[in-house]
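As the structure is a prediction and not an experimental result, all values here were calculated from the model. Proteins get letters first, then strands, A, B, ... in listed order; numbering begins at 1 in each.
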Protein chains: 2
Amino acid sequence: MIEQLRNIEIFTSLSDSSLHELANHIEHVKYKKGTIIIHADKIEPHFYVLEKGIARAYCNGENQEITFWFGQSGNVLFSFNSYINNRPGYENVELLVNSTLIQIRLSDLFSLYEDNLEIANWGRKIAEQELIATERRLIDRAFKGAAERYQDFINQSPELIKRVALKHIASYLGVTQVTLSRIRAAHK
Amino acid sequence: MIEQLRNIEIFTSLSDSSLHELANHIEHVKYKKGTIIIHADKIEPHFYVLEKGIARAYCNGENQEITFWFGQSGNVLFSFNSYINNRPGYENVELLVNSTLIQIRLSDLFSLYEDNLEIANWGRKIAEQELIATERRLIDRAFKGAAERYQDFINQSPELIKRVALKHIASYLGVTQVTLSRIRAAHK
DNA sequence: GGTAACATTTTACAAATGTTAAAAAATGAT
DNA sequence: ATCATTTTTTAACATTTGTAAAATGTTACC
């Protein structure tokens, strides 16, 4: 069990004893492609690590659906507002391929945060890494054109380009699918 | 000393004993309007709480300067990349009015994180709150037009509208100053 | 293999925003 | 108060991106 977790980067910083504590509260779950594992407007009681798979988080607007996050194997996955504020979230999370996830109840995780210094700092670093990545995206939107953001996406996430529908990538990049098609056409 | 910190919201969740520990490492500093307290491309060795004042964080581009964050009294203030990755940051932070700040050395703060469970969780929550606010902004960019984002800004930060140059607000909202002027003109 | 459902590209046009430059207004320093 | 500097607005025009609809391509399933 521990050995299996050791293969996942997010757990490598934890000592054996903390990883053991965490492992006591972990379940492995499997879902098929297309499963919505997190629903907007509901409190999601679990924190997940995407052991193997691809996921996207999106919000529903009036006419549109905006994808604002992609997760790949090794990434953490949770409803921000459930995890952070214990309130219903604003995002849906859909698995884009058959996936296996590690699941921890938030109530268990929060207990660990109150008991175990190492795990509390582990949780702090998770939030910090997500924070800096999110801010980078916000800044990139200001400094880079859509074409450059698309190139960056290809470079940084070659797996996703292959396996994710372009309409999702378009909204992730902050443009319509038509604009993304134009960018792609210009590059040939 | 403790009483003074108790007036600042960010510290209200801490117990007396933790606040005492934190207070041992705190200095109060004062800077004039216009001071750049954090410089891009340098490691900033302090974590700040803006006790009284207004600040903005911005990045320098080729022709432009993009403001992507405002801080007001009570907000935390730090170089993301220094704090999170111990690397030179990408942002400058300028004080827009004469300000007083609480200053903690990052090395001291990190030691507290490794020693004090309550402070570690306090640090976790700071990162989480910044994270959810940043993600909200990213999502709002997708769902709301510039005029609506401006209205939201007025509603949420009435102080800033009064006291911050419109050119900074324009780039914060993700538009040029010309566009912001047009939005303002349309509202009369 | 054929068909239905869905995804992507293309086209034509509309709307929003950017660019540049200049004028007007506000601010600050002496 | 006046002058110089900076900020904000306005104007004209260019560019980018969006919208809607049709055409083409792809996938999954019977």
Side-chain angles (χ1 to χ4, degrees), chain A residues 32-36 54 56 58-68 70 94-98 138-154 160-188, chain B residues 32-36 54 56 58-68 70 94-98 138-154 160-188:
Chain A
K32 295 220 161 146
K33 168 176 174 171
T35 306
I36 311 289
I54 297 176
R56 72 177 181 111
Y58 64 98
C59 286
N60 283 311
E62 291 171 24
N63 342 318
Q64 39 175 3
E65 194 180 75
I66 302 287
T67 296
F68 59 89
F70 287 113
E94 177 189 8
L95 297 174
L96 298 177
V97 300
N98 296 339
L138 195 64
I139 293 174
D140 278 356
R141 288 265 177 112
F143 280 106
K144 296 177 177 178
E148 192 178 353
R149 294 204 299 277
Y150 174 63
Q151 262 309 321
D152 289 350
F153 186 85
I154 291 176
L160 293 181
I161 283 285
K162 285 185 231 155
R163 303 174 72 185
V164 175
L166 285 171
K167 61 178 174 182
H168 298 146
I169 293 172
S171 72
Y172 178 84
L173 294 174
V175 295
T176 61
Q177 189 173 6
V178 176
T179 296
L180 181 56
S181 260
R182 288 194 271 238
I183 289 167
R184 287 159 56 84
H187 266 283
K188 282 172 191 165
Chain B
K32 295 220 160 144
K33 168 175 175 172
T35 306
I36 311 289
I54 297 178
R56 73 178 179 109
Y58 64 97
C59 285
N60 283 310
E62 292 170 23
N63 343 317
Q64 37 175 4
E65 194 180 76
I66 302 286
T67 296
F68 59 91
F70 286 114
E94 177 190 7
L95 298 175
L96 299 177
V97 301
N98 295 340
L138 196 63
I139 293 174
D140 279 356
R141 289 266 176 111
F143 281 105
K144 296 178 178 176
E148 192 178 352
R149 295 204 300 277
Y150 174 64
Q151 261 309 321
D152 290 350
F153 186 84
I154 290 175
L160 294 182
I161 283 286
K162 284 185 233 155
R163 304 175 69 185
V164 175
L166 286 172
K167 63 179 172 180
H168 298 146
I169 294 172
S171 74
Y172 179 85
L173 294 174
V175 296
T176 60
Q177 187 173 5
V178 175
T179 296
L180 180 56
S181 260
R182 287 193 276 236
I183 290 168
R184 286 160 57 84
H187 266 282
K188 283 175 191 164

Flag the pair [X] / [Y] as yes when at least one side-chain heavy-atom distance between them is below 4.5 Å, and no otherwise.
X        : Y        : answer
B/Phe70  : B/Leu160 : yes
B/Gln64  : B/Ile66  : yes
A/Tyr150 : A/Ile161 : yes
A/Val164 : A/Ile54  : yes
B/Val97  : B/Arg163 : yes

Open item on the list: Quick check on the helix from C/dG1-D/dC30 to C/dT30-D/dA1: what's the angle between its two end axes, five base pairs per end, to the nearest 10°?
Closed with: 50°
Task: B/Leu166: partners by side-chain contact (heavy atoms from CB on, under 4.5 Å), with sequence neighbours left out - done: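 Per chain and number, B/Leu166 pairs via side-chain contact (heavy atoms from CB on, under 4.5 Å) with B/Ile169, B/Leu180, B/Arg184.
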TODO: Go through the structure and list residues passing side-chain contact (heavy atoms from CB on, under 4.5 Å) with B/Thr176, not counting sequence neighbours.
DONE: B/Val178, B/Thr179
Output the rounded distance in Å from [atom1] ([X]) to [atom2] ([N]).
X        : N      : atom1 : atom2 : result
B/Gln64  : C/dT17 : CD    : P     : 16 Å
B/Ile183 : D/dT10 : CD1   : C1'   : 15 Å
B/Leu173 : C/dA16 : CG    : P     : 17 Å
B/Leu180 : D/dT7  : CG    : P     : 15 Å
A/Lys144 : C/dG18 : NZ    : C1'   : 20 Å
B/Arg163 : D/dT7  : CZ    : P     : 17 Å

- [ ] Using the closest heavy atom to pick a nucleotide of DNA chain D for each, name whichever of A/Thr176 or B/Thr179 lands nearer the 5' end.
- [x] B/Thr179
Task: Closest-nucleotide 5' rank along DNA chain D - winner of B/Arg182 and B/Val164 - done: B/Val164
Task: Any residue meeting salt bridge (charged side-chain N to carboxylate O under 4.0 Å, His left out) with B/Asp152, in chain and number order, not counting sequence neighbours - done: B/Lys144
Just the table, please: protein N/O against nucleotides 4-7 of chain C N/O, every pair under 3.5 Å.
unit_1 : atom_1 : unit_2   : atom_2 : d
C/dA7  : OP1    : A/Lys167 : NZ     : 3.2
C/dA7  : OP2    : A/Lys167 : NZ     : 2.8

Open item on the list: Across nucleotides 20-30 of chain C, 5' to 3', mark each nucleotide with B, S or - according to how protein heavy atoms within less than 4.0 Å reach it.
Closed with: B----------
- [ ] Measure from the side-chain heavy atoms of A/Ser181 and tell me the nearest of C/dT8, D/dT17, C/dG18.
- [x] C/dT8
TODO: Measure from the side-chain heavy atoms of B/Arg184 and tell me the nearest of D/dT8, C/dG18, D/dT19.
DONE: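 Of the options given, the side chain of B/Arg184 lies nearest D/dT8.
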TODO: Tell me, with the steps shown, if A/Arg56 and A/Glu65 meet side chain to side chain contact (heavy atoms under 4.5 Å, CB included).
DONE: CA-CA 11 Å; A/Arg56 72 177 181 111; A/Glu65 194 180 75; 2.9 Å; yes
